[in-house]
Amino acid sequence: MIYLDHNATTAVAPEAVAAMHQALDQVWANPSSTHEPGQAARRLLATARAQVAQLLGCRGDELVFTSGATESNHTALLGALDPRRLAQAPQRRRLVLSAVEHPSMLALAQRLRAAGFPVDLIAVDAAGRLDLDQARALIGPDVALVSVMGANNETGVCMPLTELAAMAHAQGALLHVDATQRVGKSALRFAENGADLWSVSAHKLHGPKGIGALVIRKGLSWPSLFEGRQERARRGGTENLPGIVGFGAAAERAARTLDEDIAQMAALRQRFESGLHHLPAPAGTVHLYGAHAHRLANTTLVRFGSLSAERVLLALERAGVIASSGAACSAGGNQPSHVLLAMGASPQHALCGVRFSLGRDTTADDIDAAIEAIHRHVLPLLQAEAAEAARFAVTV
Ligand code: PMP
């Protein structure tokens, strides 16, 4: 199997498996217990916190472990409109998000809008780049939170975070970044980023699923979703110690080779896109989204004519190549991608985005085999579609 779906999830690193095994098998006491086994668990928690903070470039006490990026995103959005914050700044009720946020954000924003909170979406252009002029116009003194992803999960296009932080802060608003796809694939660090809150998830960087973090800038007091004393009363509930130590070990491993991994993924992605470029496909039928935008090093979103992503993915999976439709997170992938629609794609083309996302273990052989599979199994479909279109054009 050639796995090119690392933006959906990644294999758990052996270091993370070993750390989790230890936490499940030996150090299983409650980190809040004052007895020695509890204190041993607490020490593991502290080590993991330092490892994750090191990768993210934040302080350990800025890190709150959560069940994943979905929970972190919800904590950020709901916290911004928490009655305690609104009591201090009743005029700040507006949320500004990008139109291409993850469904976990957009669905919640829609719910908040239905509850009476104004929500604005910043548009993107055909390459998936954020419209900064519109952002500037939308971010006013009534905005509580601006929330934008570090990089888009479908296209890999990176967002202009520094500019957005400046715009938000100039109006007294806060910036939340869903950094889920960015961490482990870019050198971006929280401390230098200007954002106030970051969401991250372990399973996108070879850690386990069901664990993530919300980074809360030092000095910012943030309402918790779950009451309880854990995580300095910022996230109640007994800590998921196996998940947390797995996250820590995965972060430590990621930080160790981050620069080389990014360089290798960039070179292989280049090899892949060059392979796509040289396919003997009918002119103009292989379309790369965001090709000239600033993108993550590992992601390619491509459309093959008007072939549905479903058809392409089936053909590729039969040949042992695993990719995904850009919209894998929404309803099994059979819905048009809201990201492609926001980029101006037709509803038909918004069903045709195929995402290839590389990982640090991807090899040149994997890339060559994927191109070969596209050549053998997708190209004939594309040629048949073009021939059909030509026949139709002659008949009518
Ligand atoms: N945000 C983004 C940008 C994502 O790609 C994902 C995962 N698909 C999430 C949030 C949700 O993360 P989790 O699975 O940890 O809840």
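One-based numbering, in listed order, for ligands and for the atoms of each. Because only heavy atoms are used, hydrogens play no part in the values below, and waters and symmetry mates are left out as well, while side chains stay in. Values in this document were obtained by computation on a predicted structure and should not be read as measured data.
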Of the choices His203, His74, Glu101, Lys204, which has the non-hydrogen atom that lies closest to atom 8 (N) of ligand 1? Lys204
Where on Thr180 is there a heavy atom closer than 4.0 Å to ligand 1, on the side chain, on the backbone, on both, or on neither?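 For Thr180, the contact with ligand 1 is made by the side chain alone.
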Between Lys209 and ligand 1, which part of the residue brings a heavy atom under 4.0 Å of the ligand: side chain, backbone, both or neither? neither
Just by distance, do the side chain of His278 and the backbone of Ser274 share a donor-acceptor pair under 3.5 Å?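 Yes; at least one donor-acceptor contact below 3.5 Å.
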Heavy-atom donor-acceptor pair, Ser357 side chain to Asn7 backbone, under 3.5 Å: yes
With nothing but distance in play, are any N or O atoms of [X] less than 3.5 Å from an N or O of ligand 1?
| X | answer |
| --- | --- |
| Ala69 | yes |
| Gln181 | yes |
| Asn7 | no |

Side-chain hydrophobic cluster, 4.5 Å single linkage: members besides Leu296: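 Its cluster mates, by chain and number: none.
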Distance check, rounded to the nearest 0.5 Å: Ser72 atom OG versus Leu225 atom CG?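 Going from OG on Ser72 over to CG on Leu225, the span is 9.5 Å.
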Subset of ligand 1 atoms that lie under 4.0 Å from at least one heavy atom of Gly68: 15 (O)
Minimum heavy-atom separation for Thr362 and Leu268, please, with both atom names.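 Of all heavy-atom pairs spanning Thr362 and Leu268, the closest is O-CD1, 3.1 Å.
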